[in-house]
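None of these values were measured; they are calculated from a predicted model.
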Amino acid sequence: MAGDLRALFGSNERVGTDEAFTNRQGQWQAVADALAGHLAALAAPGFDVQDLEAARRNVLVFHGVGGIGKSTLSRKLEAALADTALRPAQWGEPTWPASPRLLPVRIDLARTAGGDFERLVLTLRLALAGLDRALPAFDIALVRYWEHNHPGEPLEEYLRRAGLVSRFAKALPGQVQSALSEAAQALALPGAVGSAVGHVAGAVVRAVRERRTTARALAGCPRLADLLEAEPDLDALSFYPHLLAYEIGRLPAKDAVVPVVLLDTFEDTGDRTNRDLERLIQRVVWLMPNALFVITGRSRLQWADSALQGQLDYTGPAAWPQLAAHIPAARTAPTPADTGPLAGPGDAAPSADRQILIGDFSPEDCDDYLARRLTTNGRPLIGDDLRQVITTRSHGLPLFLDLAVMRFLEIRRTRTPQPDDFDHDFPALIARTLQDLTPDERHVLRAASLLDAFDIPLATTAAGMNHQAPALRLVERPFVRENPLAPWPYHLHGVVRSAVRRADDQSDDRWSDQDWASAALRAFDALGRQWTGSPAGGRRLLVACLRQGLALARDHRLQLGWLTDAAWTYVSDSVWEPLASPPAPAGPGGGQAPATASDALVELLSALARRQHEHRSRTVQRLSGVTAAGLLPEDLQHMAVYYLAKAQRDLGHRLDSRRGMQLVADGGGRLAPAARRGLVHLARLAGDFPAAHTAAQGLGWKGRQHRVEGDILWPQGDMAAAADAYLAARTQAEQHGVAGERATSQAQRAFVLAFTDPQAADDEIDLAEQLLTGLDLRATTLTVRTAAIVRDAGLDGVDDRIQGLRTETAAAGITAAQAALELAAAFHHAVRGDDAAHAAAQARLRDLARGGDYAHYADIAHFMAGQHPDAPSTVHWLDSEETVRSRWRALVTTRQAHLHTGTA
């Protein structure tokens with residue numbers, strides 16, 4: 001419509017109220033394609049309107065969640081097909097021929113509630129009244145039905161009372177009279193011509209029934225007499241459209257029309273247990289193959305489901321090949337019907353899908369809708385910032401946009417609307433969502449709204465039900481989206497989920513707070529059982545269960561339960577997938593302030609995952625908040641302390657790191673071996689290699705002994721031994737199935753071999769990159785990129801790469817990565833003989849060693865240039881300092897020789 005009266009009367013100001021129609025080019029293209037195929041089928045030599053066995057391809061279905069814009073689309077299609085001037089410009093020109101003429105007929109089935117099937121049939125006949133001619137076969141049958149079911153009530157009076165008044169309504173009774181008069185003449189009924197309709201009807205019908213041969217000559221339709229002999233009840237009326245289709249089919253070329261029947265609000269035809277009206281409407285569709293039916297409703301049609309045989313007359317994929325794409329058994333091979341004369345373009349196989357889900361608006365379409373919905377002086381009344389907030393909250397649902405517009409006008413009466421005003425869930429969304437669900441389906445819907453994603457068993461368990469039928473019905477609703485590749489295939493539309501959980505639910509069967517808490521606990525326990533009971537589910541299932549379980553535990557203050565073991569499994573692989581969980585509330589000074597054990601665990605695991613993308617100082621801040629709260633059980637508290645100590649070590653906070661590592665090591669828990677490894681690393685970084693090497697010998701696999709040995713050996717310049725240690729570490733990690741450790745060990749192996757053999761390093765770097773695929777290990781990724789710098793040392797273009805990587809390592813806040821990069825830069829400059837650049841790298845290494853750690857890196861930089869340290873060194877090497885210096889110098893001279901001979 002041109003304007004919105006609600007908006008017009010919602011403000012004293014003269015506000016433009018254009019009900020903007022946005023986008024939907026895809027739906028229009030589907031209609032255009034369907035029309036082109038339909039017209040081609042009608043023109044095909046084998047088409048016969050009286051063929052009752054051929055498959056039907058005269059249906060196009062648009063289905064979607066309530067408020068998505070189905071009725072608006074239906075109205076716009078009617079207008080665009082009736083008058084090209086009303087077609088939105090973005091839809092483009094039609095692709096079908098000008099003749100025969102399209103005749104759009106829109107019927108809102110919400111208005112036929114209560115089974116008023118008569119209204120539907122009369123609407124179809126009224127649409128053809130504009131042809132200004134009788135349709136004898138149909139009109140005679142209609143008169144028989146009318147006289148039997150509406151004795152004494154003129155047809156024109158019923159049309160007026162039923163609201164079917166149009167410019168053709170007055171013409172219809174006259175056309176019916178004309179049909180009867182012509183029939184009376186043809187049947188030679190004396191004295192009948194010119195009589196009133198009521199007097200002629202009985203005589204004509206009796207004559208047609210008695211003189212079947214004459215009847216066929218009269219109307220040309222062999223089934224007319226049979227229909228007239230049948231009891232003229234509602235069931236018989238549903239077969240009369242066959243006569244209407246016949247009459248349309250024999251119109252002269254100058255009057256030829258192709259009806260396009262738009263049936264809107266199809267969900268109001270009934271439900272799964274009451275398909276009486278749907279059965280009648282389906283007969284109309286089947287018996288009028290020369291009309292195209294565009295059906296809009298909340299759910300897809302189930303007509304291609306053979307299981308409905310008996311409830312509907314025409315069922316199965318052979319009957320409706322274009323409505324069967326969602327049925328797995330119908331996706332195999334073409335049926336004979338798919339190669340028949342009615343096959344439309346692109347319909348060679350039953351997978352051609354004429355059931356189209358109407359999707360949400362894109363952000364751009366939402367903004368365009370809001371900008372044009374309310375205007376003042378030609379400018380959008382809703383500002384840019386506010387439109388962006390509403391768009392984000394809407395998840396693209398047009399109904400939300402419309403409700404937000406009304407809320408904007410309501411708030412604007414007293415003050416200027418603010419962004420926070422639209423962090424709002426409208427109760428109307430609940431009403432629209434729940435209105436056609438059964439009580440059991442509503443129960444499952446509320447339980448499912450607690451979950452980001454679900455499957456049938458999970459939703460059923462969360463709802464506390466012992467049968468799955470309601471969940472099976474629910475997932476067929478258009479507000480339930482499906483991703484078959486996800487751990488749980490179903491999820492609710494974002495706005496629907498938010499509204500069900502947060503809006504003021506005033507329905508009769510609304511849940512109490514205790515109901516929500518009980519459902520949350522059931523869902524939480526069910527997730528735990530899925531994880532513990534599916535060892536083959538692997539890490540993907542673990543992370544999925546953690547994400548949902550953490551959110552449930554936090555939002556509903558649940559005990560940790562299975563989350564404790566899941567958290568340990570999560571950290572054991574060192575993979576660090578992001579855990580999308582709600583943010584913890586901010587504490588004083590911007591820090592975190594967890595209030596429960598579940599709060600603390602959410603913050604702990606989130607900090608561990610996010611540290612791959614945040615500066616280590618942020619990690620220290622977050623983990624300090626967790627440890628200070630003291631809400632976690634002892635083993636998880638030690639997890640927080642250990643990773644806090646690791647982050648402190650990365651920042652060069654040696655004493656804080658040592659205290660944390662010692663606490664965890666003394667505790668003897670699951671991370672005690674890792675903490676002992678951390679103490680070895682601290683000794684190594686302090687330059688006490690003999691002590692570190694001795695302590696490493698007792699670490700074993702749990703303490704990653706081989707990798708630690710490699711970390712100790714390579715600073716000595718013993719690259720071959722270090723590479724062997726890293727290979728042993730990688731092999732062990734493969735045996736234990738620890739992907740993160742395998743990638744880290746391989747990255748270190750690539751780093752050390754890059755100093756000795758650039759050609760071999762190519763393969764090692766490639767392997768490291770492959771092993772990192774799918775992992776989120778920032779420090780290890782930086783190691784691989786640093787290895788590539790070492791491999792290419794001495795070549796042109798390396799300086800720019802060093803500078804770019806220097807920015808990234810500084811942003812990560814990982815001192816070890818910065819030191820390794822500066823060491824690689826020193827190697828590059830030493831190979832090129834660039835003394836000034838080499839001295840600058842030495843200076844940066846000395847700055848990194850100011851805290852007492854990493855002093856040996858500065859010494860190694862001197863060794864590369866054949867120099868001795870400027871001041872007495874505090875480093876204790878495994879071998880003599882001279883031996884170590886010679887090894888590093890030899891690496892430089894060997895690379896120089898390779899570059900000089902062109903063999904590098």
Can you tell which of Gln355, Gln311, Glu278, Arg275 makes a side-chain hydrogen bond (donor to acceptor under 3.5 Å, both in side chains) with Gln302?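 The side-chain hydrogen bond (donor to acceptor under 3.5 Å, both in side chains) with Gln302 is passed solely by Arg275 among Gln355, Gln311, Glu278, Arg275.
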Distance-only, no hydrogens or angles: does the [X] side chain make a donor-acceptor pair with backbone N or O of [Y] under 3.5 Å?
{"X": "Arg497", "Y": "Ser449", "result": "yes"}
{"X": "Arg481", "Y": "Leu492", "result": "no"}
{"X": "Asn58", "Y": "Val285", "result": "yes"}
{"X": "Asn149", "Y": "Pro232", "result": "yes"}
{"X": "Ser74", "Y": "Lys70", "result": "no"}
{"X": "Asp305", "Y": "Leu308", "result": "no"}
{"X": "Gln282", "Y": "Leu312", "result": "no"}
{"X": "His38", "Y": "Asn290", "result": "yes"}
{"X": "Asp455", "Y": "Trp488", "result": "no"}

Any idea how Tyr314 and Trp286 line up, ring-wise: parallel (<30°), tilted (30 to 60°), or perpendicular (>60°)?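 Judged by the thresholds at 30° and 60°, the geometry between Tyr314 and Trp286 is parallel.
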Do [X] and [Y] come within less than 4.5 Å of each other through their side chains, counting heavy atoms only?
{"X": "Trp146", "Y": "Leu237", "answer": "no"}
{"X": "Pro259", "Y": "Leu124", "answer": "no"}
{"X": "Tyr158", "Y": "His150", "answer": "yes"}
{"X": "Ile281", "Y": "Leu109", "answer": "yes"}
{"X": "Leu135", "Y": "Tyr246", "answer": "no"}
{"X": "Trp320", "Y": "Leu301", "answer": "no"}
{"X": "Arg125", "Y": "Asp139", "answer": "yes"}

Give the intermediate values and the outcome of side-chain contact (heavy atoms from CB on, under 4.5 Å) for residues Leu128 and Ile248. CA-CA 9 Å; Leu128 295 166; Ile248 294 172; 3.7 Å; yes
Rounded to the nearest 0.5 Å, what separation is found between the CE atom of Met288 and the CZ atom of Arg56?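 That separation rounds to 11.5 Å.
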Does [X] come within less than 4.0 Å of [Y], counting only side-chain N to carboxylate O?
{"X": "Arg279", "Y": "Asp276", "value": "yes"}
{"X": "Glu441", "Y": "Arg477", "value": "yes"}
{"X": "Arg354", "Y": "Asp33", "value": "no"}

Do other residues, nucleotides or ligands put more than 12 heavy atoms under 6.0 Å from Glu231 CD?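 Yes, enclosed.
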Would you find more than 12 non-hydrogen atoms of other residues, nucleotides or ligands less than 6.0 Å from Gln309 atom CD?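 No, CD of Gln309 has 12 or fewer neighbouring heavy atoms, counting only those of other groups under 6.0 Å.
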How about Phe454 and His491: are their ring centroids closer than 6.0 Å?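 No, too far apart.
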